[in-house]
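Throughout, a chain's letter reflects where its sequence line sits, starting with A, and its residues are numbered from 1.
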Amino acid sequence: MTLFRLGYVSMSVQVENCSPSQTVTWKSFSNISDRDAAIGKVRSVAQSNIENCLRLLKHNNANGIKFFRMSSRIIPLATHEELADWDYKAELTPFFQELGGYARKKGMRVGFHPDHFVVLNTPKKEVLKQSIYNLVYHYNMLAAMGEEPVHKCVLHIGGSYGNKEESLERFIENWAKISPRIQNTVILENDDKTFNVEDVLYLSEKLEVPHVFDLHHHAANHNDSDWTKYWERIVDTWKHSPSPVKIHISSPKSEKQFRAHADYVDSEMFRQFMKEVSGTIPQVDCMIEAKQKDAALFKLVEDLKKDPDIKWHEGAVFETQ
DNA sequence: CGCTGTCAAGACGAA
DNA sequence: TTCGTCTTGACAGCG
């Protein structure tokens, strides 16, 4: 018996005018001569983003969706050094509290996937510094929400820099320079070009970091295409986590653009995955990464409803034998 | 009003 | 070494 929860990424294609990623660019910030007014602009955009994120959570709850990836762009310019003196935490905490309070009350799992500028295996000191600063920003948002800031930020291992083995080892060296509280926010995903499941498992097991397995990336980048032989080890990386195993699901856009995300996910592919996983663990949370966002999730649910073996709990939560 | 180019941030490969 | 591309949603600017 396995409980599946489906989630989706950041924004809805159904709820209108509800972007949680409105922004103020550095360029437009700089064009405002009154700095207080400029900060005010950033503050109001951030508040609006948090409000819209809350509206999305309410939309999710109404549809039985208990799993969600929040936008990393909630606070524009939060990690820009020119705004380092702005205490966004103090000013925005009440808004984040409401957001986190709602998620908690409804039993929702929320998390982040920081942008690709966060590269922990970089050889450049400055890039590592900025990356850690970016993770601190994510930590601060989680803390302000009252969320336990553990295993909530999905990252890739990083670049290969011409030598994959060295770059894998550099991750470990750099990891040692990061405080435990920030280390604890991180979970690691296999990518579609360089670091495959075996590489992530190597780090995950060594550093005790849960591995977020991405099925689509695995199809694009693997040593052995049969992922099931890694499954037990993947599950094992979650044994000390407060959260259930997390998986990424998406389908290739086309044969030619294999690595790009399709509008929807292939429900046959999902069904295959579901069959393999059923019975191996009590619960798995599946992040649907598709261009059509929540609409793709709803379409998958429609398809899965035809399956008589599935027992439905809520809109996007179900149980298999 | 709608289309196009630009936007904090990194990595990579082509020229 | 420099530049375009990747990828992506928002937005400013332009016609």
Encode nucleotides 10-15 of chain B as B, S and - characters from 5' to 3', where the letter depends on protein heavy atoms closer than 4.0 Å: B to the base, S only to sugar-phosphate, - to neither. BSS---
Whole-angstrom distance between C:dT1 and B:dA8, as gauged at atom P: 26 Å
For the pair A:Y102 and A:M108, evaluate side chain to side chain contact (heavy atoms under 4.5 Å, CB included) and give the outcome as yes or no after the intermediate values. CA-CA 9 Å; A:Y102 185 82; A:M108 293 172 165; 4.2 Å; yes
Tell me whether the centres of the aromatic rings in A:Y230 and A:W227 are closer together than 6.0 Å. no
When rounded to the nearest Å, what value does the distance between P atoms of C:dT8 and B:dG2 take? 25 Å
What's the closest nucleotide to the A:Q22 side chain, out of C:dC11, C:dG9, B:dA8? C:dC11
Among B:dA8, C:dT8, B:dA9, the one nearest A:D115 by side-chain distance: B:dA9
According to salt bridge (charged side-chain N to carboxylate O under 4.0 Å, His left out), who are the partners of A:R104, at least two apart in sequence or on a separate chain? none
What about the rings of A:H218 and A:H248, do their centers lie closer together than 6.0 Å? no
What integer number of Å spans the C1' atoms of C:dT5 and B:dG5? 15 Å
Between B:dA11 and C:dG9 - P atom distance, rounded Å: 22 Å
Please evaluate the base of C:dA12 for a donor-acceptor partner in the side chain of A:T25 within a cut-off of under 3.5 Å? no
Would you mind classifying the nucleic acid contact of A:S19 as base, sugar-phosphate or nothing, using non-hydrogen atoms under 4.0 angstrom? sugar-phosphate
Of all of residues 27-62 of chain A, which get a heavy atom below 4.0 angstrom from DNA chain B, listed by number? A:K27
Thinking salt bridges, do A:E302 and A:K299 make one under a 4.0 Å N-O criterion? no
Using the C1' atom in both, what is the distance from C:dC11 to B:dG10, to the nearest Å? 23 Å
Pairwise P distance for B:dA14 and C:dT7, with rounding to whole Å: 15 Å
Should A:D294 and A:F68 count as side-chain neighbours, where that means a heavy-atom distance under 4.5 Å? no
Is there side-chain contact between A:K305 and A:W312, with at least one heavy-atom pair below 4.5 Å? yes
Among all residues two or more places apart in sequence or in another chain, which pass the side-chain contact (heavy atoms from CB on, under 4.5 Å) test with A:D192? A:H217, A:A220, A:R259
Answer with base, sugar-phosphate or nothing: what part of the nucleic acid does A:K293 contact at a heavy-atom distance below 4.0 Å? sugar-phosphate
Where each pair must be Watson-Crick or G-U wobble with both distances under 3.5 Å, what dot-bracket representation of DNA chain C is obtained, with crossing pairs in [ ] and other-strand partners as |? ||||||..|||||||
Across all chains, not counting sequence neighbours, the side-chain hydrogen bond (donor to acceptor under 3.5 Å, both in side chains) partners of A:W238 are none
